[in-house]
Amino acid sequence: MIRIVFVLLLILLAFVALRKLRKAPAAVKARFLRYLLLTGGLVMLLLMGMTGWLGGLFALLGLVVAFLLRLLPSLLQNAPYLQQIWMAWQRSKQGQARHQEHPHASGKMTAAEAYEVLGLKIGASDPEIIQAHRRLMQKIHPDRGGSDYLAAKINLAKKTLLGR
């Protein structure tokens with residue numbers, strides 16, 4: 001009976017918390033989530049200690065530590081490669097942020113820039129512009145693993161040259 005009341009109380013608290021957090025700013029949501037995870041972890045540790053499951057948790061922790069100790073030599077051996085992968089990932093994240101703040105995001109591009117983006121000579125005909133746009137979009141469309149930034153730039157170049 002006590003368990004049912006406890007579960008119902010938890011459901012009620014979760015409902016109230018979610019209603020209040022729905023319109024809260026992101027910083028408040030993040031702080032609440034950290035608090036909730038910390039409190040939930042401490043409550044779980046307390047419950048596990050009271051029910052006798054804490055020994056199982058320590059056994060699992062020992063297993064994880066033993067696994068990490070066995071894995072440590074290979075991690076250290078491959079540390080330079082792991083660092084290169086990490087740095088490349090960081091650079092790509094910074095590059096994506098930089099592309100989002102590009103000055104052409106306002107939708108303005110000169111005709112000369114548009115011809116350069118599409119790889120055409122100045123004065124190309126409308127069918128040539130459409131064909132160059134289609135050819136480039138087939139190569140770098142975001143659905144095929146391409147860049148959103150480049151696709152937007154190519155679309156902007158076509159729009160600038162065709163006036164649509």
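Few gaps surround NZ on Lys29; more than 12 heavy atoms of other groups in view lie less than 6.0 Å from it. Heavy-atom contacts from other residues, nucleotides or ligands closer than 6.0 Å to CD of Gln138 number more than 12.
In this structure, Leu150 CG and Lys153 NZ are separated by 8.5 Å, a value rounded to the nearest 0.5 Å. The distance from the CG atom of Leu68 to the CG atom of Leu63 is 9.5 Å, given to the nearest 0.5 Å. The CG atom of Leu12 sits 8.5 Å away from the CG atom of Leu8 when rounded to the nearest 0.5 Å. Taking CD of Glu116 as the start and CD1 of Ile122 as the end, the distance is 9.5 Å to the nearest 0.5 Å.
The side-chain contact (heavy atoms from CB on, under 4.5 Å) with Val7 is formed by just one residue from the set Val5, Ile11, Ile4, Leu9; it is Ile11.
In this structure, Met109 and Val117 approach most closely via the heavy-atom pair CE-CG2, 4.3 Å. Nearest heavy-atom pair across Ala17 and Phe32 is CB-CZ, 3.9 Å. Residues Pro142 and Ala151 approach most closely at CD-CB, 3.7 Å, considering heavy atoms. Nearest heavy-atom pair, Glu128 versus Ser125, reported as atom, atom and distance to 0.1 Å: OE1-N, 2.9 Å. Taking all atoms of both residues into account, the shortest heavy-atom contact from Arg135 to Leu118 is NH2-O, 3.9 Å.
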Residues 37-56 side chain polar contacts: donor-acceptor under 3.5 Å, at least two apart:
{"unit_1": "Thr39", "atom_1": "OG1", "unit_2": "Tyr35", "atom_2": "O", "d": "2.8"}
{"unit_1": "Thr51", "atom_1": "OG1", "unit_2": "Leu47", "atom_2": "O", "d": "2.9"}

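A search for side-chain contact (heavy atoms from CB on, under 4.5 Å) contacts involving Asn155 returns His133, Met137, not counting sequence neighbours. Under the side-chain contact (heavy atoms from CB on, under 4.5 Å) criterion, Arg3 pairs with no residue at all, not counting sequence neighbours.
Hydrophobic clustering, with ILVMFWY side chains joined whenever heavy atoms are under 4.5 angstrom apart, keeps Val16 apart from Leu18. Linking ILVMFWY residues whenever their side-chain heavy atoms come closer than 4.5 Å, directly or via other members, places Ile154 and Ile130 in the same cluster.
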